[in-house]
**Q** 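This is the structure I have questions about; it appears just below.
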Amino acid sequence: MFYSRMLIPTLKENPAEAEAVSHRLLLRAGMIRKLASGIYNYLPLGLRVLRKVERVVREEMNRAGAQEVLLPAVQPAELWEESGRWQIYGKELLRFQDRHGRDCCFGPTHEEVITDLVRREVHSYRQLPLNLYQIQMKFRDEIRPRFGLIRGREFLMKDGYSFHVDEADAEACYQAMYDAYNRIFQRCGLRFKVVEADSGPIGGSFSHEFMVLADTGEDLLASCLACDYAANLEKAEVVPAAANPGPAAAAAAPEAVATPNVRTVEEVAAFLNVTPREIVKTLIYETEKEPVAVLIRGDHEVNEVKVKKLLGVMDLTLAGAGRVRELTGAEVGFAGPVGLNLPIYADQAVAALAAAVTGANKTDHHLVRVNPQRDINITQVADLRTVTAQDPCPHCGGCTKILRGIEVGHIFKLGIKYSQALKATFLDEAGQEQFIFMGCYGIGVSRIMAAAIEQGHDDQGMIFPMALAPFQVALIPISLNDAATREKALSLHAAMEEAGLEVLFDDRDERPGVKFKDCDLLGIPLRVVVGPKTLAAGNAEVRQRRTGETIMAPLEELLPYLQDRIRQEMNEKAEI
RNA sequence: CGGGACGUGGCGCAGCCUGGUCAGCGCGCCUGCCUUGGGCGCAGGAGGUCCCCGGUUCAAAUCCGGGCGUCCCGACCA
């Protein structure tokens, strides 16, 4: 491929709008351009990378026995009403009407469509199992699109759905997808971690996320240093402290003390000369059902995902100052659980306290010596806080650390949630009608492209693994005006293409420095430079983008050498 | 939707506070010469409704009001 004929509008300077490395470099390398917030054009070079990711995904999905389909991007509202999600999906679902005034949406995911397809076509256990996937643009009207391709509104996703006669078969498929995903991310050269995850609004019983480790990641995960336990922080369980003091023996009754204008945990701790772990935060939440109070120790953070799950609610928002006053009789900062007439959910660490400080439900006052078990009318004690790096691993008790990651894959066991809603059934061997068991498996294809750059770059530009690079080899002639060099370079280029190498021939009338800079920026793994001097000696220079290692290869050995390197690097895995 | 920042040739920015030769700089682009191993040099040139609408004023990129858009920090997710 001739560089001069491709649209590769590289930028010398960083675009002001890009913060994240991958976003910056994708723009600078001329791979993407923004059309609107969270919506991007893929230029030729960017599309090549995207196609490489797709290719890996396709090969592994097919190998695992899945079949590719292509479902519509635009979906009728009826299906979503049938599953109940037209109501609950919220503003993220892009809704519109066609010319007849029929409600439609742009698909953010395809459970309804695929289930509808399968319920029409599958009627017998003999037709199961079935594993179908597609690679397609999704649209989710994200609250805040961010970091270029990492959180776009329109993005390329591989979504797969499997259908089974029973749970055991669904589980086997889940495992097969788990394995396929591991292979996919390995082949993409990513350093990643598989974590236990919350299944979220897509629903289902349990799930795993595949996280690419990166400091810029939006997700936090807890990872055990000793065993292979890892979980999304939203999900990571807290093991209750071993010793539970229970009701303290004959401690004195709670007492109100004046704490004028002392609201935050830090202020209370300083004012009363206690540590944050002796303080109980009382958080008043509104839900779509009733308001509730959640009790968390002063040095801990609530985990709203856990609270939502416990309460079985979709909406959970901290009550505003006015509501807090209404419900507790005090200003924000002085709410307390003693005598509070709301359902009270206490974190297990709160229940274990013997004498705590809480708000007094009276402005400018707190209670001391509160014994939660004795003094608070607790509705339920549960694990409601977010783990910290100090918490032990729930599996082996080992030490944990908190890491950042970019979610690139998510697999769910759906059970019969959708088959039930959409009445997707089959007849079993006994002629009995049964709901189909389902699984669902997603991969953020465009996100992988960005994640690979987050992990693979230096101050000169991108560093792609061979499997994802837009080209395998860059061929740079030094003095194209020199007829002999020109001729030799052209024939070398032709020979490389003939040999099946993906080569980008920089035939531009530019100085060498410009070509080197662009070549580094684009992240092409191998660079071959030929000039009058090297050619006269019968050599070409080969440089590896990743290591900078440079060798001189005799021209007659060049092709086999390159082919060998490419073969080798295609199979390399990132070190985790 | 809360909090912060921003909007000036294709890109990065200055000018705005203190209205008036301020429409300017660097990069990129075009032409010519020169140069050819890390974004070279010289000369000439093209290109802008200063985000939009309204107001104040003799006069607005600059001050005021209202929109729109973008980015960053928090609640959503591949």
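It should be emphasised that the depicted structure is a prediction, and the values quoted were computed from it without experimental measurement. Residue numbering restarts at 1 for every chain, and letters A, B, ... go by the order of the sequence lines.
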**Q** Mind checking side-chain contact (heavy atoms from CB on, under 4.5 Å) for A:V332 and listing every partner two or more places apart, or none if nothing turns up?
**A** A:A321, A:V324
**Q** Need one value for A:Y441: base, sugar-phosphate or nothing, where a base atom within 4.0 Å counts as base even if backbone is also close, heavy atoms only.
**A**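 A:Y441: no heavy atom of the nucleic acid under 4.0 Å.
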**Q** Just jot down the ring-ring contact (aromatic ring centres under 6.0 Å, His included) partners of A:Y285, sequence neighbours excluded, or say none.
**A** none
**Q** Suppose you measure atom P in B:A46 against the same atom in B:C25; what distance do you get, rounded to whole Å?
**A**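 Nearest-Å result for B:A46 against B:C25 at atom P: 13 Å.
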**Q** Just N and O in the side chain of A:K138: are any of them under 4.0 Å from OP1 or OP2 of B:A78?
**A**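 Indeed not, no polar side-chain atom of A:K138 lies that close.
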**Q** For A:N41, check side-chain contact (heavy atoms from CB on, under 4.5 Å) against everything at least two apart and list the hits.
**A**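 side-chain contact (heavy atoms from CB on, under 4.5 Å) list for A:N41, sorted by chain: A:R33, A:L35, A:L43.
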**Q** Between A:L521 and A:F147, who's closer to the 5' end of RNA chain B by nearest nucleotide?
**A**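 Result: A:L521.
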**Q** Name the nucleic acid region contacted by A:G90, choosing base, sugar-phosphate or nothing; use a 4.0 angstrom heavy-atom cut-off, strictly under.
**A**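 The residue A:G90 makes no contact with any strand.
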**Q** Taking the minimum atom-to-atom distance to the side chain of A:R151, which one of B:G28, B:A78, B:C72 wins?
**A** B:A78
**Q** Using a strict cut-off of less than 4.0 Å between a Lys/Arg side-chain nitrogen and an Asp/Glu carboxylate oxygen, indicate whether A:R55 and A:E59 qualify as a salt bridge.
**A**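 Looking at A:E59 together with A:R55, the answer is yes, because their closest N to O distance falls below 4.0 Å.
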**Q** Across the strands shown, which category fits A:K34 at heavy-atom distances under 4.0 angstrom: base, sugar-phosphate, nothing?
**A** sugar-phosphate
**Q** Taking any heavy-atom pair under 4.0 Å as a contact, classify A:R153: base, sugar-phosphate, or nothing.
**A** nothing
**Q** Work out how far the C1' atom of B:A60 is from that of B:U49, and round it to whole angstrom.
**A**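 So the two C1' atoms sit 15 Å from each other.
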**Q** Distances under 3.5 Å only, N/O to N/O: pair up the protein atoms with those of nucleotides 5-15 of chain B.
**A**
{"unit_1": "B:G12", "atom_1": "OP1", "unit_2": "A:A16", "atom_2": "N", "d": "3.0"}

**Q** Scan residues 11-26 of chain A for pairs that pass salt bridge (Lys or Arg N to Asp or Glu O under 4.0 Å), counting only residues two or more places apart or in two chains.
**A** A:E17-A:K34
**Q** Starting at atom CD of A:E218, determine the distance to atom C1' of B:A78, rounded to an integer number of angstrom.
**A** 11 Å
**Q** Nearest whole angstrom, please: distance from the P of B:C77 to the CZ of A:F155.
**A** 11 Å
**Q** Starting at the 5' end of RNA chain B, which residue's closest nucleotide do you reach first, A:K308 or A:G148?
**A**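 Nearest-nucleotide comparison on RNA chain B picks A:G148.
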**Q** All N/O contacts under 3.5 Å from nucleotides 29-38 of chain B to the protein, with atom names and distances to one decimal?
**A**
{"unit_1": "B:U35", "atom_1": "O2'", "unit_2": "A:R511", "atom_2": "NH1", "d": "3.4"}
{"unit_1": "B:U35", "atom_1": "O2", "unit_2": "A:R511", "atom_2": "NH1", "d": "2.9"}
{"unit_1": "B:U36", "atom_1": "O4", "unit_2": "A:N481", "atom_2": "ND2", "d": "2.5"}
{"unit_1": "B:G37", "atom_1": "N1", "unit_2": "A:E541", "atom_2": "OE1", "d": "3.0"}
{"unit_1": "B:G37", "atom_1": "N2", "unit_2": "A:E541", "atom_2": "OE1", "d": "2.5"}
{"unit_1": "B:G37", "atom_1": "N2", "unit_2": "A:E541", "atom_2": "OE2", "d": "2.9"}
{"unit_1": "B:G38", "atom_1": "O6", "unit_2": "A:R527", "atom_2": "NH1", "d": "2.7"}
{"unit_1": "B:G38", "atom_1": "O6", "unit_2": "A:R527", "atom_2": "NH2", "d": "3.1"}
{"unit_1": "B:G38", "atom_1": "N1", "unit_2": "A:D520", "atom_2": "OD2", "d": "3.1"}
{"unit_1": "B:G38", "atom_1": "N2", "unit_2": "A:D520", "atom_2": "OD2", "d": "2.5"}

**Q** Going by an N to O cut-off under 4.0 Å, is there a salt bridge joining A:R323 and A:E286?
**A** yes
**Q** Give A:G152 one of three labels, base, sugar-phosphate or nothing, depending on what nucleic acid heavy atoms sit under 4.0 Å from its own.
**A**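 The answer is base, as A:G152 lies within the cut-off (heavy atoms under 4.0 Å) of a base atom.
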**Q** Rounding to the closest angstrom, what is the interatomic distance between B:C13 and B:U36 at atom P?
**A** 35 Å
**Q** Whether the side chain of A:R140 and the base of B:C77 hold a donor-acceptor pair under 3.5 Å is what I'd like checked.
**A**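 Counting by modelled atom types and ignoring angles, no donor-acceptor contact under 3.5 Å is found here.
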**Q** With pairs defined as Watson-Crick or G-U wobble and both distances under 3.5 angstrom, please note down RNA chain B as a dot-bracket string, | for pairing with another strand.
**A** (((((((..((((......[...)))).(((((.......))))).....(((((..]....))))))))))))....
**Q** Given the P atoms of B:G28 and B:G39, what is the spacing between them in whole Å?
**A** 12 Å
**Q** Tell me the interatomic distance from A:F412, atom CZ, to B:A78, atom P, rounded to whole angstroms.
**A**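 Atom-to-atom, A:F412 to B:A78, this comes out as 5 Å.
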**Q** Quick one: ring-ring contact (aromatic ring centres under 6.0 Å, His included) partners of A:Y178, sequence neighbours excluded?
**A** A:H208, A:F210
**Q** Restricting to side-chain contact (heavy atoms from CB on, under 4.5 Å), what partner residues turn up for A:L156, sequence neighbours left out?
**A** A:L50, A:E54, A:I135, A:M137, A:V445, A:S446
**Q** For A:D507 and A:S4, which I'm curious about, is there any donor-acceptor pair between the side chains at under 3.5 Å?
**A** yes
**Q** Using salt bridge (Lys or Arg N to Asp or Glu O under 4.0 Å) as the criterion, list what pairs up with A:E112, not counting sequence neighbours.
**A**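 Salt bridge (Lys or Arg N to Asp or Glu O under 4.0 Å) check on A:E112 returns A:R85.
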**Q** For the backbone of A:E111 and the side chain of A:T115, can you confirm whether one donor and one acceptor N or O come within less than 3.5 Å of each other?
**A**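 Pair found, side chain donor or acceptor close to backbone of A:E111.
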**Q** So, is A:S37 near the phosphate of B:C71, with a side-chain N or O under 4.0 Å from OP1 or OP2?
**A**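 Yes.
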**Q** What's the CZ-P distance between A:R144 and B:G3, to the nearest Å?
**A** 15 Å
**Q** Scan side-chain atoms only and decide if A:D159 and A:Y161 contain a donor-acceptor pair under the 3.5 Å cut-off.
**A** yes
**Q** If we take the C1' atom in both B:G20 and B:A59, what is their distance in whole Å?
**A**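 One C1' to the other, the span is 7 Å.
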**Q** Please enumerate all residues that pass side-chain contact (heavy atoms from CB on, under 4.5 Å) together with A:R28, with sequence neighbours excluded.
**A**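 With sequence neighbours excluded, A:R28 shows a side-chain contact (heavy atoms from CB on, under 4.5 Å) to A:L11, A:N14, A:P15, A:L521, given in chain and number order.
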**Q** Keeping to residues at least two apart or across chains, list the ring-ring contact (aromatic ring centres under 6.0 Å, His included) pairs with something in residues 28-55 of chain A.
**A**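 Found A:H23-A:Y40.
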**Q** Can you check whether A:R146 has a side-chain N or O nearer than 4.0 Å to OP1 or OP2 of B:G74?
**A** yes
**Q** Expressed in angstrom and rounded to an integer, what is the separation of A:E19 atom CD from B:G74 atom P?
**A**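 My rounded result for the distance is 12 Å.
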**Q** Taking only the P atom of each, what is the distance from B:G54 to B:G47 in whole angstrom?
**A**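 Their P atoms lie roughly 27 Å apart.
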**Q** Could you tell me how far apart A:E142 (CD) and B:C1 (C1') are, to the nearest whole angstrom?
**A**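 Going from CD in A:E142 over to C1' in B:C1 covers 15 Å.
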**Q** Starting at atom CZ of A:F106, determine the distance to atom P of B:A78, rounded to an integer number of angstrom.
**A** 17 Å
**Q** Sticking with atom C1', work out how far B:C17 lies from B:G12, rounded to a whole angstrom.
**A**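 Per the computed distance, 24 Å lies between those C1' atoms.
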**Q** Measuring only the C1' atom in each nucleotide, how far is B:A61 from B:U18? A whole number of Å is fine.
**A**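 Each nucleotide's C1' atom is 15 Å from the other's.
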**Q** Between B:U70 atom C1' and A:R33 atom CZ, what is the distance in whole Å?
**A** 16 Å
